Amino acid sequence: MASLTDDDLDGVSRGEKYPDGTVVRVFCMRTSDDAYPSGWAYKFHYGAIQPDSERTLKDGTIRRYDNSHEDTKGHELHVAPNPDPEIIEFPGIVELWKRFWSEIPKSEFGVK
């Protein structure tokens with residue numbers, strides 16, 4: 001099987017609910033919008049359908065990578081229960097995709 005490429009991830013938007021009450025939602029696309037200097041808009045979210053103050057953030061997040069405020073805050077990693085995100089270096093969309101899937105207990109979505 002060929003290696004995953006930027007082109008494979010451009011335009012990915014998918015979500016999956018699991019019997020254990022968790023959800024994975026992934027979104028990424030290339031953009032020329034000045035708000036995204038990396039050239040990508042993305043969100044890789046793993047969370048609970050029902051927020052739980054002991055294991056999630058208020059919005060149900062367990063772990064999420066996003067660049068929703070890239071031009072002002074950079075690239076963020078949100079990890080429950082800490083409400084303050086960690087600013088991370090953006091390694092590229094393929095590397096971040098792989099990192100996300102290696103850090104959560106769910107199987108990677110196929111995108112090809």
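Position 1 is the first residue of the sequence; numbering continues from there. Since the model is a prediction, treat every value here as computed from it, not as a measurement. Heavy-atom basis, side chains included; hydrogens, waters and symmetry copies ignored.
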Could you check Asp71 against Asp34 for side-chain contact (heavy atoms from CB on, under 4.5 Å), going step by step and ending with a plain yes or no?
-> CA-CA 7 Å; Asp71 58 341; Asp34 291 341; over 6 Å; no
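- Applying the salt bridge (Lys or Arg N to Asp or Glu O under 4.0 Å) rule to Glu108 yields no partners; only residues at least two apart in sequence or on another chain are considered.
- Not one N or O on the side chain of Asp10 forms a donor-acceptor pair closer than 3.5 Å with the backbone of Asp7.
- With sequence neighbours excluded, the residues forming a side-chain contact (heavy atoms from CB on, under 4.5 Å) with Lys17 are Val23, Ile49, listed by chain and number.
- Sorted by first and then second residue, the salt bridge (Lys or Arg N to Asp or Glu O under 4.0 Å) pairs involving residues 42-53 (not counting sequence neighbours) are Asp52-Arg55.
- With sequence neighbours excluded, no residue forms a ring-ring contact (aromatic ring centres under 6.0 Å, His included) with Tyr18.
- When all heavy atoms of Pro51 and Leu57 are compared, the pair lying nearest together is CB-O, 4.0 Å.
- Arg99 is linked by a side-chain contact (heavy atoms from CB on, under 4.5 Å) to Tyr65, Ile88, Pro91, Leu96, Glu103, counting only residues two or more places apart in sequence or in another chain.
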N/O donor to acceptor pairs below 3.5 angstrom from side-chain atoms of residues 74-85, sequence neighbours left out:
| residue | atom | partner | partner atom | Å |
| --- | --- | --- | --- | --- |
| His75 | ND1 | Tyr42 | OH | 2.7 |
| His75 | NE2 | Glu70 | OE2 | 3.3 |
| Glu76 | OE1 | His78 | NE2 | 3.2 |
| His78 | ND1 | Arg64 | NH2 | 3.4 |
| His78 | NE2 | Arg64 | NH2 | 3.3 |
| His78 | NE2 | Asp66 | OD2 | 3.0 |
| Asn82 | OD1 | Asp84 | N | 2.9 |

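- For Asp6, the side-chain contact (heavy atoms from CB on, under 4.5 Å) criterion is met by Arg30, Trp40, Ile93, Val94, not counting sequence neighbours.
- Linking ILVMFWY side-chain heavy atoms closer than 4.5 Å, directly or via other members, places Phe100 and Met29 in two distinct hydrophobic clusters.
- Among residues two or more places apart in sequence or in another chain, the ring-ring contact (aromatic ring centres under 6.0 Å, His included) test is passed with Tyr36 by none.
- The salt bridge (Lys or Arg N to Asp or Glu O under 4.0 Å) test applied to Asp20 returns Lys106, not counting sequence neighbours.
- Placement of Phe27 and Phe109 in two distinct hydrophobic clusters is found when ILVMFWY residues are connected by side-chain heavy-atom separations under 4.5 Å, directly or transitively.
- Partners of Asp33 by salt bridge (Lys or Arg N to Asp or Glu O under 4.0 Å), not counting sequence neighbours: none found.
- By the 4.5 Å heavy-atom criterion applied to side chains, Phe44 and Val12 are not counted as neighbours.
- Leu4 and Val24 fall within a single hydrophobic cluster, where Ile, Leu, Val, Met, Phe, Trp and Tyr are joined by side-chain heavy atoms under 4.5 Å apart, directly or via other members.
- Looking at Trp97 and Leu9, their side chains come closer than 4.5 Å, going by heavy atoms from C-beta outward.
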